[in-house]
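Just so you know, these numbers come straight off a predicted model, no measurement behind them. Computation of the quantities below employed the complete heavy-atom set of this structure, encompassing side-chain atoms and omitting hydrogens, waters and symmetry-equivalent molecules.
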Amino acid sequence: MGWLLFLGLTVTAGLLLWLLRFPRRLWAVSATAVMLGGAGYAWQGSPGLAGYTVEAAKQEGTVDPELVALRESFFGRFNFDAAYFMASDAMMRSGSPQSAALVMTGAVRKAPDDAGLWTWAGVVLAENDGNQISPASRFAFQRALALAPKHPGPAFFYGLAHIREGKLAEARPYWAKAVELTPADASYRGELLTRLFLLDRFLEAQQQQGGPAPQR
């Protein structure tokens with residue numbers, strides 16, 4: 001097949017030279033170029049090999065250490081949940097959000113009444129879908145909210161998922177609820193207040209400009 005294509009290109013080149021009235025005394029130069037091309041193909045060409053799709057090298061992912069620390073403050077660091085959280089983080093760092101999602105869906109199957117696992121399952125499922133709150137992600141967050149209605153963690157991370165989706169106004173009630181549910185002496189209360197304050201300033205600026213909030 002390769003040689004037939006080469007022959008076709010050679011004939012086409014000859015017709016072009018004739019139509020363009022290329023000087024005949026210079027045809028030898030063109031013929032030499034064609035012959036060198038054929039020799040190179042015969043030497044290094046491998047038309048019998050099966051084709052394959054070239055894929056880009058897998059890029060490593062990232063896990064925000066501040067969010068990991070906040071997650072540990074919400075749900076603990078040395079408990080049943082921690083092993084699944086760490087495994088999910090490892091999959092995300094390796095650039096495999098789908099594997100991270102599988103880890104968390106397996107976790108909630110083993111512990112269907114664990115609000116922390118459902119919350120993080122919602123986070124990972126959204127990331128796996130390009131930071132979009134898919135039906136599966138929404139179900140996970142809603143399950144976490146139902147299991148722990150007085151815990152600030154599910155509300156905060158559900159709000160974060162809305163922000164990553166670019167829906168800042170929709171995120172605001174969840175972050176306000178997270179602050180409301182956080183004890184006054186909690187170590188992470190100051191961080192939640194700061195995040196809510198910055199979100200409010202951003203929403204105010206966006207309202208004054210009359211434009212939509214930028215996508216993240």
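Counting heavy atoms from C-beta outward, Pro112 and Val108 have side chains that stay 4.5 Å or more apart.
Taken from CG in Leu160 to CZ in Arg195, the straight-line distance is 7.0 Å, to the nearest 0.5 Å. With rounding to the nearest 0.5 angstrom, the CG atom of Asp129 is 4.0 Å from the OG atom of Ser134.
Between Arg143 and Asp114 no salt bridge is recorded (no basic side-chain N to carboxylate O distance below 4.0 Å).
Under a 3.5 Å cut-off, the side chain of Asn131 and the backbone N or O of Glu165 do not form any donor-acceptor pair. Judged purely by atom type and a 3.5 angstrom limit, Ser99 has no side-chain atom pairing as donor or acceptor with the backbone of Met91. Remark: the backbone N or O of Gly116 is not paired with any side-chain donor or acceptor of His151 at under 3.5 angstrom. Panel note: side chain Glu72, backbone Arg77; no donor-acceptor pair is recorded below 3.5 Å. Put simply, the side chain of Asn79 gets close to the backbone of Ala82: a donor and an acceptor are under 3.5 Å apart. Listed for the Ser73 side chain is a donor-acceptor partner under 3.5 Å among the backbone atoms of Ala69.
No cation-pi contact links Arg172 to Tyr174, judged by a cut-off of 6.0 Å to the six-membered ring centre and 45° from its axis.
Under a hydrophobic-cluster definition in which Ile, Leu, Val, Met, Phe, Trp and Tyr are linked whenever side-chain heavy atoms come within less than 4.5 Å, directly or via other members, Leu147 and Leu145 are assigned to the same cluster. A continuous path of ILVMFWY side-chain contacts below 4.5 Å connects Leu199 to Phe157, so both sit in one hydrophobic cluster. Follow the hydrophobic side-chain contacts under 4.5 Å out from Leu70 and you never reach Leu181; the two are in separate clusters. Both Leu117 and Phe75 sit in one connected hydrophobic cluster of ILVMFWY residues. Membership requires side-chain heavy atoms under 4.5 Å apart, directly or through other members. A continuous path of Ile, Leu, Val, Met, Phe, Trp and Tyr side chains, each step under 4.5 Å between heavy atoms, connects Phe139 with Val103, placing both in one hydrophobic cluster.
Considering all non-hydrogen atoms of both residues, Pro152 and Ala178 come closest at CB-O, 3.3 Å. Of all heavy-atom pairs spanning Ala148 and Ala115, the tightest one is CB-CB, 3.6 Å. Taking all atoms of both residues into account, the shortest heavy-atom contact from Arg164 to Leu67 is NH2-CD1, 3.1 Å.
Just one of Asp89, Asp81, Thr119, Asp64 meets the side chain to side chain contact (heavy atoms under 4.5 Å, CB included) condition when paired with Arg71; it is Asp89.
The aromatic rings of Trp175 and Phe156 sit parallel to each other, their planes meeting at less than 30°, with 60° as the upper class boundary.
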**Message:** Checking Lys177 against Thr182 for the side chain to side chain contact (heavy atoms under 4.5 Å, CB included) test, could you report, in this order, the C-alpha distance in whole Å, the side-chain angles of both residues, the deciding distance, and whether it holds?
**Reply:** CA-CA 9 Å; Lys177 181 179 180 180; Thr182 300; over 6 Å; no
**Evaluation steps, side chain to side chain contact (heavy atoms under 4.5 Å, CB included), between Gln207 and Glu204** = CA-CA 5 Å; Gln207 186 176 9; Glu204 289 176 5; 5.5 Å; no
**Message:** Walk me through whether His162 and Leu168 qualify under side chain to side chain contact (heavy atoms under 4.5 Å, CB included).
**Reply:** CA-CA 6 Å; His162 280 86; Leu168 277 66; over 6 Å; no
**Message:** With side chain to side chain contact (heavy atoms under 4.5 Å, CB included) as the criterion, how do Val124 and Thr105 come out once you've worked through the C-alpha distance, each side chain's angles and the decisive distance to 0.1 Å?
**Reply:** CA-CA 10 Å; Val124 172; Thr105 52; over 6 Å; no
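Taking the centre of each ring, Trp118 and Phe141 stay at or above the 6.0 Å mark.
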